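Note that the coordinates shown come from a computational prediction; the quantities given were computed from them, not determined experimentally.
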Amino acid sequence: DHPQVIPHVESSHLVFRIFSDSLKNLQFLVKGRLLWVNFLMQEVLKNIKGMEFCEAISYIMEVQDLQIQDVTDDPHDMSSISYRQFERYKNGETKKLTKGVVIAICLALKLPPVVTQEILKIAGITLTNSKEDSMLLIIISTGRGKKFDDLNKMLIDRGFAPLTKHREKS
């Protein structure tokens with residue numbers, strides 16, 4: 001049973017009407033998925049409190065059923081976080097946590113802003129009212145799913161340090 005699509009010309013635009021039953025089913029599925037993701041992130045927020053940074057990242061990756069290679073070394077984004085760098089932070093090998101890298105890890109995991117804020121807190125990082133931190137808040141709020149090349153360019157164009165380093169093609 002596939003949704004039926006009927007072409008309809010209106011104001012010189014081609015508009016597709018989907019029968020209301022199919023649309024309602026689609027809306028139900030989308031709302032259900034959004035509710036599930038929201039519930040999951042609320043559980044994540046509850047459960048990561050009191051964890052160390054590396055524990056929290058490992059837990060989030062487990063909940064999302066992600067491996068490091070799923071979120072690193074994107075061949076179409078030469079500024080995506082590298083596998084080895086992500087691994088060092090996830091395993092606790094790197095003790096010095098910087099704003100840029102923590103935010104980059106959260107963006108790579110496509111975490112909502114509220115979870116990213118909690119991860120920053122866990123990492124002992126506080127964002128201030130500085131211009132750079134205000135820009136980082138904008139990136140936290142709008143950067144999920146965007147290329148690091150683009151996010152870094154936005155930061156550099158405004159005189160700030162990039163989140164990640166640009167890799168040369170191998």
Using atom types as modelled, flag every donor-acceptor pair under 3.5 Å from a side chain in residues 110-120 to any protein atom, sequence neighbours excluded.
residue: T116; atom: OG1; partner: P112; partner atom: O; Å: 3.4
residue: E118; atom: OE1; partner: K49; partner atom: NZ; Å: 3.3

Shortest non-hydrogen separation from T164 to A104 and the atoms involved
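Here T164 and A104 meet closest at CG2-CB, 3.6 Å.
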With the side chain counted from C-beta on, respond yes when [X] and [Y] share a heavy-atom pair under 4.5 Å apart, and no when they do not.
X: F86; Y: D73; answer: no
X: I68; Y: M61; answer: yes
X: Y89; Y: K96; answer: no
X: L127; Y: I140; answer: yes
X: E52; Y: I122; answer: no
X: L163; Y: L136; answer: yes
X: F53; Y: T94; answer: no

Is there a side-chain contact (heavy atoms from CB on, under 4.5 Å) between L151 and L107? Walk through the geometry before answering.
CA-CA 10 Å; L151 297 172; L107 290 171; 3.7 Å; yes
Between M154 and I156, is there shared hydrophobic-cluster membership here, with clusters defined by ILVMFWY side-chain heavy atoms closer than 4.5 Å?
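Different hydrophobic clusters.
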Salt bridge (Lys or Arg N to Asp or Glu O under 4.0 Å) contacts touching residues 153-162 (sequence neighbours left out)
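Qualifying pairs: K153-D157.
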Residues in side-chain hydrogen bond (donor to acceptor under 3.5 Å, both in side chains) with K95, at least two apart?
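Here no residue qualifies.
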Within [range] or reaching into it, pairs that qualify as side chain to side chain donor-acceptor pair (under 3.5 Å) - sequence neighbours excluded:
range: residues 62-71; value: none
range: residues 76-85; value: S79-D149, S79-H166, S80-R167, R84-E87, R84-E93
range: residues 128-139; value: K99-D133, T128-S130, T128-D133

